[in-house]
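Report on the following structure.
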Amino acid sequence: MPVVKAVTCPVCGSLCDDIELTVENNNIVKVKNGCAMCESKFLGYNSEHRVLRPLIRKNGKLIETSFEEAIRNAAKILTEANYPILYGWSSTSCEAIRVGLELAEEVGGVIDNTAVVCHGPSLLSVQEVGIPSCTLGQIRHRADLIIYWGSNPWSAHPRHIERYTTYAEGRFEKSAWKGYLNKIKALLAKKKIESSIRRLFLKKKPTVHESISKEPPETLSRKGRKFIVVDVRKTKTAEMADYFIQVEPNKDYELLQALRALVRDEEIDVDKVAGVPIECLEEVVDVMVNCSFGALFFGLGLTMSKGKLRNIDTALSLIKDLNMRTKFVLMPMRGHFNVTGANTVFTWQTGYPYAVDFSLGYPRYNPGETTVVDILLRRESDAALVIASDPVANFPTKTVEHLVKNPLIVIDPHMNVTSHMADVVIPSAFVGIEAEGTAYRMDHVPLPLKKIVEPPNGIHSDEEILRRILAEVRKIKNKNEEEA
Amino acid sequence: MEILIKNGIVYDPINGINGEKMDIAVKNGKIVEKVNESTALHIDASEMIVMPGGVDIHSHIAGGKVNSGRLLRPEDHFKDYEPKTSITRSGVGYSIPSTFTTGYRYAKMGYTTVMEPAMPPLEAKHTHEEFNDIPIIDKAAYPLIGDWWFVLEYLREGKIEECARYVAWMIISTKGYAIKIVNPGGLETWGFGRNVASLDDQVPHFCITPREILRGLCKVNKLLNLPHTIHVHTNNLGIPGNYITALDTMKCIEDLADEGKPAIHITHCQFSAFKGDDWRTFRSGAEEIAHYVNAHTHLTMDMGQVIFTDTTTMTADGPFQFNLYQLTGNKWTNHDVETETCSGIVPFRYRRKSFVHAVQWSIGLELALLIKNPWKIFMTTDHPNGGPFTAYPKIIAWLMSTKAREATMKKINRKARNRSLLPSIDRELSFYEIAIVTRAGQAKALGLSNKGHLGIGADADIAIYNINPETSDPSKDYRTIRKAFEQATYTIKGGKIVVKNGEIVKQVKGVTMWLDIHTSEPVKISEDMKRRFKEYWTVEYENYPVTEHYLENSYPIKVKASV
Amino acid sequence: MITLYPLKEFKHPIIAESINPEFFQGKSIQEIGSLKIWEGNKERKLRELFKIEEDKADNPTITIHGNIGKVRKIGKKMEKGEITIYGNVGMHLGEEMKGGKITVHGNADSWVGSMMKGGTIEIHGDAGDYLGAPYRGSNEGMHGGKIIVHGNVRSEAGAHMRKGIIKIYGNASQFAGFRMRGGTIYIQKDAEERVGACMSDGKIVICGFLKSVLPTFTIEGIKKKVKIEEDEKAVGPFYLFRGDLTEKGEGKLYVSKEKNPHLSYYEKFL
């Protein structure tokens, strides 16, 4: 059976590219090296939710139609609109996004990607402060301090820690995996002792202190890679860490500012910040300042908690401050496999990473004003194209009401919730499985997406579908001009 | 299509043509002996200057760093935008224009070939994807190889030929054009937040010095018979007193050059020509550098001229950008690339009234004027580091007119004015010399045999400017000259008229040039190599190279190596 | 004097940079009606969207009656004259304004007086986010002029402010005076947390309740009163904090003592 090696996984922003797939009769039958998310994608993508024929709404019902008819309908909707929105893009290829931008420009619409509901605030603060960062390999080779803040890679980016950070083997820093195993062993041994004590003395609760307490543990002062987690709750990732800081919900900003002050040797009037005693923060700052290469990863726990872009603003400022003392980088944990690519292509064509408004004939950008969620909230759009995304399932109810009230085109391999509400549904091939393309890893490293199997008959790639719509739009516009 | 450009006043330095009135014939995208006069499209270029299309040897126009710069600066774009037309795509400027706008703005100035000088190999696909969206102009990119671990390791072990084979593999894999070296050794050192301070500092963990890297790669360049020399951004860039480092860099490969042939290109030399012990005692080191360059034949350089404007500095020199951030407190982006290189970005405003900035402005012009041979120093701003490329016509005016220089001098910082060498220099470049520093010299240094000239068989990349050299005096009418160079009357790219009266009239796709290097024994990709690859990078070997898929208009140039 | 009435309830964003007294001055009503204005992605003439009436008085004044909550960039780069709006108005009112006066009898959306350099804007209702704040990525905040809001404002009022004065007679949401470098922000009622975050200079006065002061501010003293403007003082007593310590730390934050007994904790450091 043929085995395809070095396949890039089109699931999360880690974009692992060492997946091996066994293919039999145009079917993927085995996945090697992947995490659970990867396996379920490659083995389960062709589920019953798949649509295989384009649909259009007639008399309130979605009925099957030809590809050409669906394209014509889509083009007509977009051409007639006064303020259409084109949303999604983070789960498709850069090649498709390129065409999508051209289409948005042609119809004078607003094009936005899913960053608007995840790391949009991070991008806004990068635009104000800058970002000291690097590629993931740099962290694998050099970082002796890893911090995850408001992010739980164990469940959202399962191979991130083993491939790129704490448990990866680098040139100058060794994997901390052994240390972790020892810790687990010690933990198990302790549990055994506890249970025997219980049995002997029939006590309900033994008095053995927790492995991760409020006091910074000794592991923080040992040599080798150190691993800190900051979060509002003790996640699975936090359990693995050498030190876990539990921050009060919505107090990340205060905590980060306090860390900044301490890095700058300023004194703080209060005894506790965000529920954490200053002494603990001082210890952590010591570890930060004394590391030789530190890396901070942050997730939606930071970008979407109170303060949003300003939380990232202060995190970025903290890392800038730390660079006066040592080497430190930070990186957002991007979710969708090509949201970084969407931001990248948007930026090279228009200068702006998301929320680009072409209504005046040139790119304009002002999140809050030109972001799709806000436009829908203010009920300003009059048509929408949604690609590789399911806003009806994820957006606030009020925005969905307006989205489905107007003509809606959906391009997606699956019949998702948004498709059910659509006026035109164009099924597409899975990029990275049935179509090739390019995606950008969370650290901006571009990787090729492979075509492993043939798509079902009559199913085209996102890129092809968009090209067809664009051509049709131009045809309609030319005709309109001739008539005028 | 056939075109006949009639009665233009032609400046074609490579063919020794200095302002002769003559016709240029174009057929199938090439310059030809003659065309069918009755069917060819006639362009009346009488009383106008005809030159080969402009060539830019060093301009950051595409790739990860440039795009991070775009992302960083919405406030740079929002006042400078280009609406969509029936021919062109929309976009934004100013200091880091979006891809389409970059192509259009170059073409409007009569430029047709631009080299992106800093491509991180791991992210090379990104550079090429952007190239596909830069219309009209031909492009190529220099991969950053100076601090690549393979290079450091092979050079340390003295395995020059082995190193050469891997460099060839890298240039092919990244579809690159030349060996780019930035702050040799300093970039690896920046991996842990430090820098090297001289040519003989050890790179931590690698037991090699910048001098050894420079010499090693210079030998590699020769072994591979690459059309361009090593392209070097010196150590200590942007630090007072660094002219000594620049001189050391030029000297350190003196013995490796063949008679009369350049072996090194020192890029944006202005930033490496600082004298003085600190910013207070800061002075120009242009005289010393020019003195050396005038006495030697083994090098070329470009200016890196500073323009008084708000711009965005971006280089692969991570530690330099960090210094700039500390100096200004502006926003700062850093992006290290595993096993290869790094980069940094800081927005920057050059102010007339700032002593340091005004001295920098002066240094660039001093270099260009004091170096006697225009084939040795080319006009650049190191876009966007010294200022955006759209300021080139301003620099042309400064180079051609003492009056233009004096006009600016009046407005700059007094202390800088008093120290400037410019008042003592009365040299004014001729149109012939301008044609050298903006196209012919650059094409020659790059080894682009079809570019930078109008000889038979050359690519039909032509710029026509509305200046009559017989009646206008650039020394006096420098404003007219500037205007004319801002908006070419015609730009012809590959035999097609793309610009007319400063407006885009046709959109064509330029090519991406790259070196297809043939070594007698190619690099063997053994399992061991793949294992090593896995250890060094976080991507698979199979996913690393830039395939032809990423080059919409691929133009390989065959090179036969001596190894 | 020109009076405008919207002809319909607008659905799409209207970009109306041309509604500016200087553009109207010296023009006939015909010419004014032909000024360009954008509705969604369509370019329109002013008269297609507004009924235009002319008054005898030849002063550069524009009055708008009606709900124009979707109309943006009114009075952009305005240097003189007056605009009065009876109704709610859209974003970017008085962007980069240099002089003259804008009065709104209603609410204003976000980015009122963005990058303002001079003149006066008075909002009798509420104002949105980013009052007087600069464009994305820029640190060139308000350089001068005066903004008065009689109602409440949302977050980041006066971000990156350098000069001038913002007076808020209602409440202010979080991050008022963010990265402020100069000028004065006066909040007559309550302020949400994180006020003055990353400020390096300037003055913020809060007469109402403030739940907590950022840990990166340090107490400096108690002041009886504080100057707001030429011949206007707010009477305290006020706790005076200095910060933000993570930046230059020259900013002054005055918080009413009476309304904030929970801040008495800080008195032990005095």
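Lettering follows sequence order; numbering is per chain, from 1.
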State, with a plain yes or no, whether a side-chain heavy atom of A:T135 is found less than 4.5 Å away from one of B:D336.
no
Would you check if A:K327 and B:F322 make a side-chain contact, meaning some heavy-atom pair closer than 4.5 Å?
no
State the SG-NZ distance between A:C94 and B:K125, to the nearest 0.5 angstrom.
11.5 Å
If you tally heavy-atom pairs under 4.5 Å against chain A, which of B:R73, B:E75, B:E340, B:E153 wins?
B:E153
Looking at A:N323, A:L123, A:L15, A:L136, which makes the most heavy-atom pairs under 4.5 Å with chain B?
A:N323
Could you tell me whether A:K475 atom NZ has more than 12 heavy atoms of other residues or ligands within 6.0 Å of it?
no
With side chain to side chain contact (heavy atoms under 4.5 Å, CB included) as the criterion, how do B:H126 and A:T344 come out once you've worked through the C-alpha distance, each side chain's angles and the decisive distance to 0.1 Å?
CA-CA 9 Å; B:H126 183 173; A:T344 303; 3.3 Å; yes
I need the B:N67 CG to A:Y440 OH distance, nearest 0.5 Å.
8.0 Å
Under 4.5 Å from any heavy atom of chain A, what part of B:Y544 do you find: side chain, backbone, both or neither?
neither
Please flag which part of A:T350 lies under 4.5 Å from any non-hydrogen atom of chain B: side chain, backbone, both or neither.
backbone
Aromatic plane relationship, A:Y352 with B:H77 - under 30° parallel, 30 to 60° tilted, over 60° perpendicular
perpendicular
I'd like to know if B:E542 pairs up with A:K5 as an ion pair, taking the criterion as any Lys NZ or Arg NE/NH1/NH2 lying under 4.0 Å from an Asp or Glu carboxylate oxygen.
no
Pick one of side chain, backbone, both or neither for B:W190, based on which atoms fall under 4.5 Å of a heavy atom in chain A.
both
If you tally heavy-atom pairs under 4.5 Å against chain A, which of B:K534, B:E188, B:Q326 wins?
B:E188
Supply the atom-to-atom distance B:N543 CG to A:T8 OG1, rounded to the nearest 0.5 angstrom.
4.5 Å
Do A:R98 and B:D133 have side-chain heavy atoms sitting under 4.5 Å apart?
yes
Measuring heavy-atom distances to chain B, does A:N366 have an atom under 4.5 Å in its side chain, in its backbone, in both, or in neither?
neither
Proximal component of A:R441, with respect to chain B [non-hydrogen, under 4.5 Å]
side chain
Best-contacting candidate, B:T101, B:I345, B:N132, against chain A by heavy atom pairs under 4.5 angstrom
B:N132
Quick check on B:E82 against chain A: is it the side chain, the backbone, both or neither that has a heavy atom closer than 4.5 Å?
backbone
Side chain, backbone, both or neither of A:L316 within contact of chain B (heavy atoms, under 4.5 Å):
neither
4.5 Å side-chain heavy-atom contact, A:Y365 and B:F78
no
Interface residue of largest heavy-atom contact number with chain A, from B:D76, B:L72, B:V66, under 4.5 Å:
B:L72
Using heavy-atom distances under 4.5 Å, tell me whether B:T339 contacts chain A through its side chain, its backbone, both, or neither.
both
Residues, nucleotides or ligands: over 12 heavy atoms within 6.0 Å of A:K477 NZ
yes
Can you tell which part of A:F346 gets under 4.5 Å to a heavy atom of chain B, answering side chain, backbone, both or neither?
neither
Find the one option among B:G191, B:P120, B:G64, B:G69 whose heavy-atom pairs under 4.5 Å with chain A are most numerous.
B:G191
In terms of heavy-atom proximity below 4.5 Å to chain A, should B:N330 be classed as side chain, backbone, both, or neither?
backbone
Given that the side chain runs from C-beta out, which part of A:F328 has a heavy atom under 4.5 Å from chain B: side chain, backbone, both or neither?
neither
Would a 4.5 Å heavy-atom cut-off, applied to side chains only, mark A:E169 and B:E535 as touching?
no
Rounded to the nearest 0.5 Å, the CZ atom of A:R140 sits from the OG1 atom of B:T538 at a distance of 6.5 Å
Which atoms of B:R89 are under 4.5 Å from chain A, going by heavy atoms: the side chain, the backbone, both sets, or neither?
both
With rounding to the nearest 0.5 angstrom, report the CD to CG distance, B:E338 to A:D443.
7.0 Å
Do you know which of B:S343, B:P74, B:C342, B:P347 has the most heavy-atom pairs with chain A at a distance under 4.5 angstrom?
B:P74
Any non-hydrogen side-chain atom of A:V345 less than 4.5 Å from a side-chain atom of B:E129?
no
Report the option among A:E106, A:E102, A:H444 that has the most heavy-atom pairs separated by less than 4.5 Å from atoms of chain B.
A:E102
Contact between A:Q349 and B:S90 at the side-chain level, heavy atoms closer than 4.5 Å - yes or no?
no
Compare every heavy atom of B:E123 with every heavy atom of A:V445, then report the nearest pair and how far apart it is.
CG2-OE2, 4.1 Å
Establish, yes or no, whether a centroid distance under 6.0 Å links the rings of B:W537 and A:H141.
no
Cation-pi check, A:R142 onto B:F192 ring (under 6.0 Å, within 45° of axis):
yes
Strictly distance-based, threshold 3.5 Å: is any side-chain N or O of A:Q127 a donor or acceptor partner for the main-chain N or O of B:L71?
yes
Rounded distance (nearest 0.5 Å) linking atom NE2 of B:H549 with atom OG1 of A:T438
4.5 Å
Answer whether the closest heavy-atom distance between the side chains of B:Y325 and A:M324 falls below 4.5 Å.
yes
So, the side chain of B:T333 versus the backbone of A:G130: is there a donor-acceptor pair under 3.5 Å, distance only?
no
Under 3.5 Å: donor-acceptor pair, side chain of A:D17, backbone of B:V539
no
So which part of A:V129 gets closer than 4.5 Å to some heavy atom of chain B, the side chain, the backbone, both or neither?
backbone
Which atom pair, heavy atoms only, marks the closest approach of B:E540 to A:D18?
OE2-CB, 3.3 Å
If you draw the axis of the six-membered ring of B:Y536, does the NZ or CZ of A:R171 fall within 45° of it and under 6.0 Å from the ring centre?
yes
